[in-house]
Amino acid sequence: MAALRDGDFAALQSLLKAPSKDAVRQLCQECFSSPPTGLGPLALRACPGLTSDAEEAEQLVSALHNLTRHIVYRGLTKAEDIFALFPENFHQNLKNLLTKIILESISAWRNEAQASQISLPRLVDMDWRVDIKTSSDSISRMAVPTCLLQLKMQEDVALCGNSAVVSALTMELSKETLDTMLEGLGRIRDQLSAVANK
């Protein structure tokens, strides 16, 4: 995510020429939702009356994209925190309008950003059973209990198209390996609980 620059705030002043508050709201939504590569076409389509040329239009949508993404990714949810981002000489009414629009949209934008993330495979099911090995090439491994653990994982839908791909991983664990795994999972559970309680 690009950092906010002074030039971004200068470009945002073009929003003063917007025909209505709804036009600013719509442009904010489109700028947040557009990937960085889609900002050029958005600038040509959405900003014909706001800027004098295509370069200014691209600067405007890029600035609005950077501002909205910065606020969402930093988790700013208070008007004072958003006001602090703007330079002191920024137009007060425009600052108030942008802050109001962003605060109205931030929860939907956060959900949109989370849904568009590429993530690791997700555990969807687990199955296990205990087997007793009754034959082996070594006498010491005769009648040894082992755990067969099967994990079913769903790949990220963004990576594999619209169809969810579920794969299965089966592993055999000895008692010692299972104890080590459970101890590690217990530590993970404790850390997650500690973070959730903060």
Side-chain angles (χ1 to χ4, degrees), residues 1-122 154-162 164 191-198:
M1 180 188 64
L4 295 173
R5 301 178 306 268
D6 290 338
D8 288 339
F9 293 106
L12 290 174
Q13 300 282 359
S14 299
L15 291 171
L16 291 169
K17 299 175 191 170
S20 68
K21 292 177 183 177
D22 286 336
V24 175
R25 180 175 285 109
Q26 180 66 29
L27 187 58
C28 286
Q29 177 62 47
E30 290 178 359
C31 286
F32 179 84
S33 298
S34 293
T37 56
L39 294 178
L42 174 62
L44 296 175
R45 186 184 81 245
C47 303
L50 301 178
T51 58
S52 58
D53 61 28
E55 185 179 338
E56 275 186 42
E58 285 188 31
Q59 289 172 347
L60 171 60
V61 295
S62 176
L64 207 46
H65 175 83
N66 290 344
L67 177 67
T68 54
R69 294 272 173 156
H70 179 84
I71 290 168
V72 169
Y73 288 118
R74 294 284 182 248
L76 305 179
T77 56
K78 295 181 183 166
E80 306 82 52
D81 296 336
I82 297 173
F83 286 152
L85 296 174
F86 291 92
E88 286 188 27
N89 62 348
F90 195 82
H91 192 279
Q92 187 64 39
N93 290 342
L94 182 56
K95 178 179 9 176
N96 291 341
L97 176 62
L98 287 172
T99 301
K100 179 182 176 200
I101 290 169
I102 290 167
L103 289 175
E104 288 171 355
S105 305
I106 197 161
S107 64
W109 288 347
R110 190 177 302 117
N111 291 340
E112 182 181 328
Q114 288 172 343
S116 67
Q117 284 181 322
I118 294 176
S119 61
L120 296 172
R122 189 170 53 89
Q154 180 178 345
E155 296 295 329
D156 184 14
V157 175
L159 293 175
C160 56
N162 291 333
Q191 286 182 5
L192 285 174
S193 297
V195 170
N197 291 334
K198 286 186 180 181

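Excluded from the calculations below are hydrogen atoms, water molecules and symmetry mates; all remaining heavy atoms, backbone and side chain alike, are included. These figures come from a predicted structure and were not determined experimentally.
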Where [X] and [Y] come nearest, the two heavy atoms and their spacing:
{"X": "L103", "Y": "T77", "result": "CD2-O, 3.5 Å"}
{"X": "L94", "Y": "Q13", "result": "CD2-CA, 4.1 Å"}
{"X": "A63", "Y": "D8", "result": "CB-O, 3.3 Å"}
{"X": "S62", "Y": "L39", "result": "CA-CD1, 4.0 Å"}

Hey, are the side chains of [X] and [Y] touching, using non-hydrogen atoms and a 4.5 Å cut-off?
{"X": "T68", "Y": "I101", "answer": "no"}
{"X": "I71", "Y": "W109", "answer": "no"}
{"X": "H65", "Y": "F32", "answer": "no"}

>> Do Q26 and D22 pair up side chain to side chain, a donor and an acceptor below 3.5 Å, judged on atom types alone?
In response: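 Not at all, the side chains of Q26 and D22 share no donor-acceptor pair under 3.5 Å.
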> Is it true that the side chains of S33 and E112 contain a donor and an acceptor less than 3.5 Å apart?
Replying inline: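 Side-chain D/A pair, S33 to E112: present.
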> Take atom NZ in K100; do more than 12 heavy atoms of anything else shown fall under 6.0 Å from it?
Replying inline: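 Not buried by this count: 12 neighbours or fewer within 6.0 Å.
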>> Test side chain to side chain contact (heavy atoms under 4.5 Å, CB included) on I102 and L76; report intermediate values, then the result.
In response: CA-CA 10 Å; I102 290 167; L76 305 179; over 6 Å; no
So how far is it from [X] [atom1] to [Y] [atom2], rounded to the nearest 0.5 Å?
{"X": "Q59", "Y": "N66", "atom1": "CD", "atom2": "CG", "answer": "11.5 Å"}
{"X": "L98", "Y": "R25", "atom1": "CG", "atom2": "CZ", "answer": "10.5 Å"}
{"X": "T99", "Y": "K78", "atom1": "OG1", "atom2": "NZ", "answer": "15.0 Å"}
{"X": "L67", "Y": "C31", "atom1": "CG", "atom2": "SG", "answer": "10.0 Å"}
{"X": "N93", "Y": "K21", "atom1": "CG", "atom2": "NZ", "answer": "8.5 Å"}

> Are L15 and L64 close enough, and set up right, to give a side chain to side chain contact (heavy atoms under 4.5 Å, CB included), and what steps lead you there?
Replying inline: CA-CA 10 Å; L15 291 171; L64 207 46; 4.2 Å; yes
>> Ring-plane angle category for F90 and F9, please: parallel below 30°, perpendicular beyond 60°, tilted otherwise.
In response: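 The arrangement is perpendicular - the two ring planes meet at more than 60°.
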>> Donor-acceptor pair, distance only, cut-off 3.5 Å: does the side chain of S14 make one with the backbone of A11?
In response: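 Yes.
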